[in-house]
Amino acid sequence: MKIVYSLSITALFLFSIATNGQVSTKKRKAHTVVSIEKDNFLINGQIINKGKTWKGNPIEGLLFNSRMVQATFDDENPETAVLWKYPDTQKWSADRNTDEFVAAMAEWKSYGLNAITVNLQGGSPTGYGNKNWINSAFTADGSIKPAYWNRLEKVLKKADDLEMVVILGLFYFGQDQLLADEKAVINAVDNTINGLHKTGYRNILIEVVNECDLPYYDHKILTESGMATLINRVKNNKRGNFRYLVSTSFQGASIPTSSVIEASDYILLHANAVEDPKGVATMIEKTKQVSGYSLKPLVFNEDDHYEFDKEENNFKTAIENKASWGFFDFRREGETNIEEGFQSVPVDWKVSSARKKAFFEYVKTIVNSAE
C-alpha cells in the first residue's frame, strides 16, 4: 500500500494567531514532499536512490540523516547562557547559530545527506545530561515562542529548497518540565502541527518525543504510555488529504513497544548503547517481531558509534538490514575546539572536524558508488 500525504498549495496568505498560542507565518507552495511507500521513503513521489545498491545492499528508500537538534537553540537562563559563548565574540547568539546552520545545509546535501533531525526543545548542549538551561520553543501553556518559530522556518525553508527532509522533534527531557501540565503539552502539539500546516511545508516527519522510555519526563503523557495518544493526535490533524507522518523514539538499544509501533508511520530507533554492529541487526530483528509490526520504514536517527574506516560498523549494518541511519556527534571530554561535535553548543555547523568529515565522506562514498 502506498502512503502518500501531499497537497497542492496555491494560496499565499498571512495568518496571525496571537490569541491561540501560535505565531505569525507565511504560507508558500511546497517544493519538497516526503511520503512513504511500504518501507521506502519518497521525495516528490520518487523513491530515494531508486534501484541503487551499495556493496550488494539496496540503499533505495533510505534516509541518510544527522542529528542536528540545536538548530533553534537558545538559553533563557542568564546564569547558564554564558556557557555557550562563541570563542571569537565571547557572546552567545541564537540568530547566529541558526543562520550558520542554514548556511551549512547545502554542503551537507552535497555529500548525499537527505535528512536532519532538529528538536523544538533541543538536546543536551553538553552531549548528554541536562541542568538548568532553558531551551524550549514552548511557553508554560504550550504557546509557541515567535523567535523559535522564526528560526525554525529558516531551517524548513532551506530544507525545502534543497529537497531535504526534516525530522522535527517536539519534546526533550530536561525541558518538558517548563510546560505547566498535560493540557499544555497537548496545546504545544496542536500549536506546532497547526503552525506547520499553515506554512505549507511538506518535507517534515514528526518525532513527538525524544526517547520516551527514559524516566526523566515530568508529564506522563510524554512517556511511553502516552505515545499512542499523541501520535494519533498528530495523525488526526489533517488539512484536506494531507497530514504529517509521525513517530517517536526510545533510548539507545531499546525496542519500541507494540502500541507505538502500531501507531507510528515509521519506526524510530536509537543505537547509542550498541557497541557491536551485530547489535544493530538484532534490534531490527526484534523490532519486526513485536506484535503490531507491519512493513514500514525503520530509521536510526541517533547513534554515536562510527568506525567508518572498518568493514563492519553500525551504519553499514543498518543498510544491510534496510534501515536508515543517523549520525550523533558531540564534543567528548577534553575536546575544547568548537569544530568538534554537532550537538555541543556553540556549534560549528561546517564539515570541519575529523569525525564529521569521516561521516560525510562515508555517505558520499555510499551514494556515489551505488550501482
Side-chain angles (χ1 to χ4, degrees), residues 62-71 113 115-119 121-131 167-176 205 207-217 222-224 227 247-257 260-261 264 266-287 290 297-308 310 312-321 323-335 340-345 347 353 355-356 358-359 362-363:
L62 298 182
L63 282 177
F64 298 148
N65 63 94
S66 180
R67 181 175 170 84
M68 310 292 207
V69 292
Q70 311 295 17
L113 195 77
I116 52 175
T117 293
V118 304
N119 193 298
Q121 292 192 321
S124 173
T126 58
Y128 283 96
N130 268 280
K131 294 186 179 178
I167 303 172
L168 179 62
L170 307 189
F171 304 105
Y172 188 78
F173 62 90
Q175 299 298 315
D176 69 295
L205 302 171
E207 176 182 6
V208 177
V209 173
N210 177 84
E211 299 185 345
C212 66
D213 56 330
L214 287 173
Y216 309 127
Y217 283 99
L222 292 176
T223 65
E224 184 277 333
M227 284 304 95
S247 185
T248 196
S249 63
F250 287 65
Q251 62 183 308
S254 293
I255 307 302
T257 57
V260 169
I261 286 178
S264 297
Y266 63 104
I267 300 171
L268 281 172
L269 300 169
H270 287 181
N272 300 38
V274 182
E275 303 288 342
D276 187 335
K278 293 178 182 177
V280 169
T282 299
M283 284 187 68
I284 294 170
E285 181 181 357
K286 287 183 176 179
T287 298
V290 174
L298 299 171
V299 181
F300 288 88
N301 74 330
E302 186 173 338
D303 191 350
D304 55 5
H305 299 89
Y306 318 130
E307 299 184 316
F308 306 122
K310 295 184 178 181
E312 301 301 327
N313 58 64
N314 286 9
F315 192 170
K316 180 173 179 285
T317 301
I319 291 175
E320 291 172 341
N321 290 273
S324 303
W325 191 87
F327 179 61
F328 170 34
D329 183 31
F330 58 95
R331 281 194 283 278
R332 270 59 174 179
E333 185 177 354
E335 293 180 339
E340 299 290 350
F342 275 134
Q343 182 157 307
S344 304
V345 181
V347 189
S353 72
R355 276 198 303 273
K356 295 174 185 176
F359 166 67
Y362 197 63
V363 172

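One is the number of the first residue; the rest follow in order along the sequence.
- Considering only heavy atoms from C-beta on, F173 comes within 4.5 Å of N210 through its side chain.
- Distance CZ/F359 to OH/Y306: 10.0 Å, rounded to 0.5 Å.
- The two residues A323 and L62 make their nearest non-hydrogen contact at C-CD2, 3.7 Å.
- Put simply, the side chain of Y172 never gets that close to the backbone of V69: no donor and acceptor are under 3.5 Å apart.
- In this structure, F300 and F327 have side chains that are not in contact, with every pair of non-hydrogen atoms separated by 4.5 Å or more.
- A centroid separation of less than 6.0 Å is found between the aromatic rings of F328 and Y128.
- Contacts of F64 classified as ring-ring contact (aromatic ring centres under 6.0 Å, His included), with partners at least two apart in sequence or in another chain: F315.
- Side chain to side chain, S254 and D213 meet the donor-acceptor criterion of an N or O pair below 3.5 Å.
- Pairing each heavy atom of T248 with each of V209, the nearest pair is OG1-O, 2.9 Å.
- The side-chain hydrogen bond (donor to acceptor under 3.5 Å, both in side chains) search around S353 returns none, not counting sequence neighbours.
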For the pair Y362 and N313, evaluate side chain to side chain contact (heavy atoms under 4.5 Å, CB included) and give the outcome as yes or no after the intermediate values. CA-CA 11 Å; Y362 197 63; N313 58 64; 3.1 Å; yes
May I have the step-by-step check of side chain to side chain contact (heavy atoms under 4.5 Å, CB included) for L205 and L168, ending in yes or no? CA-CA 6 Å; L205 302 171; L168 179 62; over 6 Å; no
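- Residue N314 holds its CG atom at 6.5 Å from NE2 of H305, rounded to the nearest 0.5 Å.
- When the side-chain hydrogen bond (donor to acceptor under 3.5 Å, both in side chains) test is applied to Q343, the partners found at least two apart in sequence or on another chain are R67.
- Here the CE-CG distance, from M68 to N301, works out to 12.5 Å after rounding to the nearest 0.5 Å.
- Looking at M283 and V274, their side chains come closer than 4.5 Å, going by heavy atoms from C-beta outward.
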Are L113 and S66 close enough, and set up right, to give a side chain to side chain contact (heavy atoms under 4.5 Å, CB included), and what steps lead you there? CA-CA 8 Å; L113 195 77; S66 180; 4.1 Å; yes
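- Between the side chains of N272 and E302, a donor-acceptor pair is found at a separation under 3.5 Å.
- D329 is listed as a side-chain neighbour of R332, based on a closest heavy-atom distance under 4.5 Å.
- The shortest heavy-atom contact between V280 and A271 is CG2-CB, 4.5 Å.
- A side-chain donor-acceptor contact under 3.5 Å links S324 to the backbone of L63.
- Between the side chains of N65 and W325, no donor-acceptor pair is found at a separation under 3.5 Å.
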Under the criterion salt bridge (charged side-chain N to carboxylate O under 4.0 Å, His left out), I'd like the reasoning laid out for E340 against R355: C-alpha separation, chi angles, the key distance, then a yes or no. CA-CA 8 Å; E340 299 290 350; R355 276 198 303 273; 3.4 Å; yes
For N119 and L170, what are the C-alpha separation, side-chain angles and deciding distance, and is it a side chain to side chain contact (heavy atoms under 4.5 Å, CB included)? CA-CA 6 Å; N119 193 298; L170 307 189; 5.9 Å; no
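- Between the CD1 atom in I261 and the CG atom in L268 there is a gap of 11.0 Å [rounded to 0.5 Å].
- Nearest heavy atom pair, residue L269 against residue P256, reads CD2-CD, 3.5 Å.
- The shortest non-hydrogen separation linking V347 to F342 is CG1-O, 3.7 Å.
- Minimum interatomic distance between D176 and Q121 (heavy atoms only, all atoms of both residues): N-OE1, 3.6 Å.
- A heavy-atom distance below 4.5 Å is found between the side chains of L298 and T287.
- Counting only heavy atoms from C-beta outward, the side chains of S247 and E207 never approach each other to under 4.5 Å.
- Using a 4.5 Å heavy-atom cutoff, the side chains of C212 and T223 are not in contact.
- A donor-acceptor pair shorter than 3.5 Å can be found between the side chains of E211 and H270.
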